[in-house]
Amino acid sequence: MSLTLLKLLNSTDIAAETIDHKFMVSGQSFLPNGAHFGLIGAASCKKGHIYVPEDWKETIMNAKTKCPKFCVIDVKNSDFLFTGALEEAIINRRKDTEETSFSWMEIRWQRVVRGCPFILQFKETLNEGIPFHKINLEKQARGRKLHILSHVIQDVLYRAIEGSVWPKRIYMHYHLLYIQPIHHAYFENLPVEANTRLQATSTRVEEDDNIVSRMTKTGAEIQRAYAEKNKNDEDYKRHRAAIDKRYREKRKSTETIQERNIRKSKAAIRKQKSQRQIE
């Protein structure tokens with residue numbers, strides 16, 4: 001992450017002069033995006049069912065009722081770059097420019113400044129009054145030196161969409177019954193890792209294919225099964241409503257009997273008092 005920031009700031013892609021990267025302490029820090037997560041969580045509860053990534057995208061975009069609303073950016077494979085070339089272009093030091101040892105895991109604040117392509121500023125606290133230390137990541141080698149990290153060419157990290165393992169594919173096909181048929185194409189078209197099938201025996205692969213063929217029903221069959229499930233749910237709701245109604249009526253009748261008993265007991269007490277007065 002730090003090398004990526006060094007390369008980005010010392011290029012022509014952005015016009016910023018400084019980038020600060022802070023590492024908050026778990027349980028002792030508050031970030032404003034915590035409230036944003038609360039809004040998204042509440043919106044997802046109101047939406048009900050979320051089946052595919054597009055449902056999450058729609059939920060996040062409509063989570064805020066007031067402007068400005070959340071902006072969702074679709075990330076592609078080309079946006080993820082392999083950092084191995086950047087790591088080979090620098091030297092990972094354990095001491096700062098003042099020859100003081102430090103631990104990378106203890107860093108809480110990193111700062112990158114334009115014009116210093118190999119200098120990484122850091123401190124082990126979030127206190128603004130503490131000065132920054134500096135790390136020089138430039139290689140001290142003879143010959144032609146690399147003057148800026150933006151000249152390093154990075155390869156794409158993921159050339160294709162990572163496939164799911166074969167047992168997970170079978171598991172997803174098994175649960176298609178509980179997903180609306182309109183979303184079945186998304187799960188059926190997900191890629192599967194070839195290695196997971198090659199490692200299995202031919203008999204096991206044939207068994208898995210038979211399982212998938214039995215689970216993968218036609219659209220009409222899935223539609224009928226889904227309608228039957230909804231019907232069963234409605235029957236259960238009606239049955240539960242009838243039980244609740246009988247319970248309320250029984251409780252009402254029980255409360256009426258109790259009130260009658262209380263009234264009779266009060267009448268008996270008044271009668272006893274009147275008899276005592278007569279005597």
Is Val72 reachable from Val75 through a run of I, L, V, M, F, W or Y residues, each pair having side-chain heavy atoms under 4.5 Å apart? no
Donor-acceptor pair between Lys22 and Gln110 side chains, under 3.5 angstrom: no
Any idea which heavy atoms bring Ala89 and Val152 closest together, and the distance? CB-CG2, 4.1 Å
How about Leu3 and Leu137: do any of their side-chain heavy atoms sit closer than 4.5 Å? yes
Rounded distance (nearest 0.5 Å) linking atom CG of Leu120 with atom CZ of Phe132: 10.0 Å
To the nearest 0.5 Å, what is the distance between CG on Leu86 and CD1 on Ile153? 11.5 Å
Can you tell me how far apart CD1 (Ile135) and OG (Ser2) are? Round to the nearest 0.5 Å. 8.0 Å
Does the side chain of Ile130 come within less than 4.5 Å of Trp109's, by heavy atoms? no
Is the shortest side-chain heavy-atom distance between Glu17 and Val113 below 4.5 Å? no
Where do Thr65 and Lys69 come nearest, in terms of heavy atoms and distance? O-CE, 4.2 Å
Measure the shortest side-chain to side-chain distance between Gln154 and Thr83 over non-hydrogen atoms and say whether it is less than 4.5 angstrom. yes
Distance (rounded to the nearest 0.5 Å) between Ile148 CD1 and Cys116 SG: 11.0 Å
Check for a donor-acceptor pair, side chain of Arg93 on one end and backbone N or O of Glu138 on the other, with a separation under 3.5 Å. yes
Is there a donor-acceptor pair closer than 3.5 Å between any side-chain N or O of Thr59 and the backbone N or O of Asp55? yes
Got a donor-acceptor contact below 3.5 angstrom from the Arg114 side chain to the Ala16 backbone? yes
Quick one: closest heavy-atom pair of Leu126 and Met24, and the distance? CD1-SD, 3.7 Å
Passes side chain to side chain contact (heavy atoms under 4.5 Å, CB included), Asn136 versus Phe118? Steps please. CA-CA 6 Å; Asn136 187 6; Phe118 291 96; 3.9 Å; yes
Should Asn10 and Leu149 be marked as a side chain to side chain contact (heavy atoms under 4.5 Å, CB included) after you check the CA-CA gap, both sets of side-chain angles, and the distance that decides it? CA-CA 8 Å; Asn10 290 279; Leu149 288 178; over 6 Å; no
May I have the step-by-step check of side chain to side chain contact (heavy atoms under 4.5 Å, CB included) for Lys139 and Ile90, ending in yes or no? CA-CA 6 Å; Lys139 279 187 174 181; Ile90 59 97; 5.6 Å; no
Check: Ile179 main-chain N/O paired with His184 side-chain donor or acceptor under 3.5 Å: yes
Does Glu124 use its side chain to pair, donor to acceptor, with the backbone of Glu106 at less than 3.5 Å? no
Could you check whether Glu58 pairs with Lys47 (Lys NZ or Arg NE/NH1/NH2 to Asp/Glu carboxylate O, under 4.0 Å)? yes
Verdict with supporting geometry, Tyr51 and Phe187, ring pair (Phe, Tyr, Trp, His ring centres under 6.0 Å): CA-CA 10 Å; Tyr51 297 106; Phe187 296 96; 8.0 Å; no
Ring pair (Phe, Tyr, Trp, His ring centres under 6.0 Å) evaluation trace for Phe70 with His36: CA-CA 9 Å; Phe70 294 130; His36 299 166; 5.2 Å; yes
Test: Arg111 and Asp20 ion pair at under 4.0 Å: yes
Kindly work out whether a path of hydrophobic side-chain contacts (I/L/V/M/F/W/Y, heavy atoms less than 4.5 Å apart) joins Ile50 to Met61. yes
Kindly say whether the aromatic ring centers of His21 and Phe23 come within a distance under 6.0 Å. yes
When hydrophobic residues are tied together by side-chain contacts of less than 4.5 Å, even through go-betweens, does Leu81 share a cluster with Leu9? no
Check: Asn127 main-chain N/O paired with Lys123 side-chain donor or acceptor under 3.5 Å: yes
Quick check: is Leu6 connected to Ile19 through a chain of hydrophobic side chains (ILVMFWY, heavy atoms under 4.5 Å apart)? yes
Nearest 0.5 Å, what's the CD1-CG distance between Ile60 and Leu39? 11.5 Å
If the plane angle is over 60° it's perpendicular, under 30° parallel, otherwise tilted; pick one for His133 and Phe122. tilted
Is a side-chain N or O of Lys7 found less than 3.5 angstrom from the main chain of Ser11, in a donor-acceptor match? no
Side chains of Ile107 and Phe102: closer than 4.5 Å at any heavy-atom pair? yes
Measure the shortest side-chain to side-chain distance between Val112 and Thr18 over non-hydrogen atoms and say whether it is less than 4.5 angstrom. no
Under a 3.5 Å threshold, yes or no: a donor from one side chain and an acceptor from the other, between Trp104 and Asn92? yes
Please check: side-chain N/O of Asn189 versus main-chain N/O of Tyr186, any donor-acceptor pairing under 3.5 Å? no
